[in-house]
Amino acid sequence: MKAIVAKRLAEVAAALGGASARATSARKVAIGSDCSSQGIIIWNAKTTSLRMINRLITPSSGSISIDGEPTEKMDVVKLRRRIGYVIQHAGLFPHRTVVENIATTARLSGVTRPKALATARELLDRVGLGGEFANRYPWQLSGGQQQRVGVARALASDPQLMLMDEPFSAVDPVVRTQLQDEFLRLQRDIGKTIIMVTHDIDEALKLGNQVAMLRTGGTLAQVATPRQLLAQPADNFVADFVGRDRGYRFLGFAGTADAVRLVSEPTVRLGATVDEAKAAALGRWVLAVDDHERPLGWVDLDRPFTHVRQDGLNLSGTLSAQGEPLRALLDAVLSAPSGRGVVTDADGRLLGTATLASVSSVLEDGRSRDWAEAQP
Amino acid sequence: MNLDWIIAEAGTIGTLFLWHFGLSVVPVLLSLVLAIPLGWLAHRSGFMRPFWLGLAGLFYTIPSLALFVLLPLVLHTRILDPINVVVALTIYALAMLVRTVADGLSTVSPETLQAATAMGYRPAARFLRVELPLAVPAITAGLRVAVVSNVSIVSIAALIGTPQLGSLFTQGLQLRFLTPIVTGIVLCIVLAALLDLAVVWAGFRLSPWNRSNK
């Protein structure tokens, strides 16, 4: 039994080693909630380690402390009220409306009902749900909406430390990406210490400042920034885990598209005639834009048409915004039928295009300067 | 059917109806108050749960007439005291409602409970503010059965002389007169339907969140 407990504590240590925490030994773990960072653990039984922090599971030996205070000496209920907790499927109270659900944690911390409800309404807005959701019941929401309410509920008591147990795993990939983006935006605004558990390596790499990877059995494989994890996996276990696409994933951390030289791209507007389009084009494909220079899609000059129309456009190319990682630009290049990746500014207006050759020359450049050592 | 008899006896019939109403409702309310802690205990008793629920259900198998006759000996009450009927019917309703409450509590999803605990609910508050409200739809369903079956069991108490609509049956039998019997049956059905509606309405008011209410 002791061995298991020690392993589990090591797990906690690993997880917290990834956040703003120190594992002073395998038996003692200290969490500091004074700075904002996200730690991510990856492992199949890792939920256990989160539950040890808020004592849903009690370690039979060892010690976890928060801001220098050992958790086993705290009143367990007060400890839990200090920590935000978000779980898969949100775990909302079916008998309470959305605002009442969110207000729960504030109410438990002793905030008066009107004040708690006011906070709840603000948070509803903050997690991207409108006021029209306030008086609905959880069953009237989609999975993604429920998950947002779950996050808002954890935030309502304004905790310094948040635990998130696979918070985005029960929703479809499109909603998951939205929730992850909002998580990053929210985290920039509120700055909490967040310890999140996920089995999705891409999610860990996207959201974590520090990622702790655990082997089966709970021993720590590696704690590192996502960038280091991809560039310098500690062993085969980590290398296998970050997967076959790690070369491509690394582009997410290998700098931005700003270094790539952009070429100005001739464009046509909707309604242009076939002759106007052919006069502008560099080859078979010409880019159509709207009145604000925002790219709409590619016009195929090999197909018969008289005027450029919205429904005749090829939409297969993705867009890459300035400042986005090289991964997005490479994707834009590979997906564009013309072979030219479209780059826009932050408002979605066309800046120019990049070719595979220009992206790869930047990649070669970076490799010669050794990315693994460079700071992002 | 003799309408003149009904008009002539309207006052008595009204009194009997009120007695029947009281004898049907009070025991169910008493047993509900007792069934909540007992159902909670059974729900929390792990592998002993089927044993406790089985034991509670066993009380329902005691013949009602026997219970009406035996209770005065146990309680040291007079045989005509309505308390006997109230106690007997409370036992019957309890036999049903302990299971209802235990089953209702087990309909609450473990995820919801875990979220409540993780958020810092103390056990008693968690029970009162989360578990019990969520068990309301299931408890309402059981309560409807208990109330309606109580209405019919109450009439048996006529045999030991407690006044209620059952008295109309004994009277009709003694006089070989059909009108009181039919009147009693109709009023019993009306009472059962009204009480059933009242329980449904209360359940509806207590669980506005229940999606089957929409």
Side-chain angles (χ1 to χ4, degrees), chain A residues 47 50-57 74-98 100-110 135-141 146-147 149-151 153-157 159 162-167 170, chain B residues 32 35-36 39-40 43-44 46 97 100-144 199-214:
Chain A
T47 294
L50 273 197
R51 291 185 185 169
M52 268 188 207
I53 299 171
N54 63 3
R55 283 176 59 193
L56 286 176
I57 296 170
M74 295 183 207
D75 176 89
V76 68
V77 167
K78 284 185 185 138
L79 168 72
R80 288 173 186 157
R81 287 176 186 172
R82 274 177 59 176
I83 301 176
Y85 191 61
V86 184
I87 53 174
Q88 197 180 347
H89 301 297
L92 299 181
F93 298 124
H95 63 304
R96 294 197 184 144
T97 61
V98 165
E100 287 167 354
N101 259 290
I102 301 174
T104 304
T105 52
R107 292 286 289 133
L108 283 170
S109 309
N135 294 316
R136 292 192 194 167
Y137 287 101
W139 67 268
Q140 296 168 305
L141 306 183
Q146 290 189 24
Q147 209 53 264
V149 176
V151 172
R153 182 175 63 177
L155 288 171
S157 59
M162 300 235 308
L163 307 177
M164 301 180 91
D165 187 359
E166 304 205 29
Chain B
L32 183 61
I36 288 171
W40 177 79
H43 171 64
R44 296 296 300 262
L97 290 181
T100 293
V101 170
D103 287 350
L105 292 175
S106 59
T107 62
V108 182
S109 94
E111 248 165 25
T112 306
L113 292 180
Q114 198 213 92
T117 307
M119 241 165 261
Y121 270 104
R122 294 189 193 279
R126 191 185 83 163
F127 179 73
L128 292 174
R129 322 273 321 252
V130 180
E131 288 187 79
L132 201 53
L134 284 173
V136 163
I139 294 177
T140 304
L143 210 53
R144 290 175 68 179
V199 173
V200 171
W201 181 81
F204 178 82
R205 290 304 301 268
L206 286 172
S207 59
W209 50 273
N210 191 355
R211 59 195 306 176
S212 56
N213 285 345
K214 296 284 163 188

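This is a predicted model, so every value here is computed, not measured.
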*Any donor and acceptor pair, going by atom type alone, linking the side chain of W139(A) with main-chain N or O of W209(B) inside 3.5 Å?*
yes
*asked:* Using the rule side-chain contact (heavy atoms from CB on, under 4.5 Å), only one of T104(A), N54(A), I83(A), V77(A) pairs with M119(B); which is it?
replied: T104(A)
*Quick one: closest heavy-atom pair of A115(B) and G91(A), and the distance?*
CB-O, 3.4 Å
*Hey, could you give me the CZ/CZ distance between R129(B) and R96(A), rounded to the nearest 0.5 Å?*
5.5 Å
*Is it the backbone or the side chain of D75(A) that comes under 4.5 Å from a heavy atom of chain B, or both, or neither?*
side chain
*Taking all non-hydrogen atoms of both residues into account, name the closest pair between A118(B) and R80(A) and its distance.*
O-CB, 3.3 Å
_Taking side chain as everything from C-beta outward and backbone as N, CA, C, O, which of these in L92(A) sits under 4.5 Å from a heavy atom of chain B? Side chain, backbone, both or neither._
backbone
*For A116(B), is it the side chain, the backbone, both, or neither that has a heavy atom closer than 4.5 Å to a heavy atom of chain A?*
both
*Choice from Q88(A), R81(A), H95(A) maximising heavy atom contacts with chain B below 4.5 Å*: H95(A)
*Per-residue contact mode, R136(A) against chain B (heavy atom under 4.5 angstrom)*: neither
*Heavy atoms only: give me the nearest L108(A)-G120(B) pair and the separation to one decimal.*
CD2-O, 4.0 Å
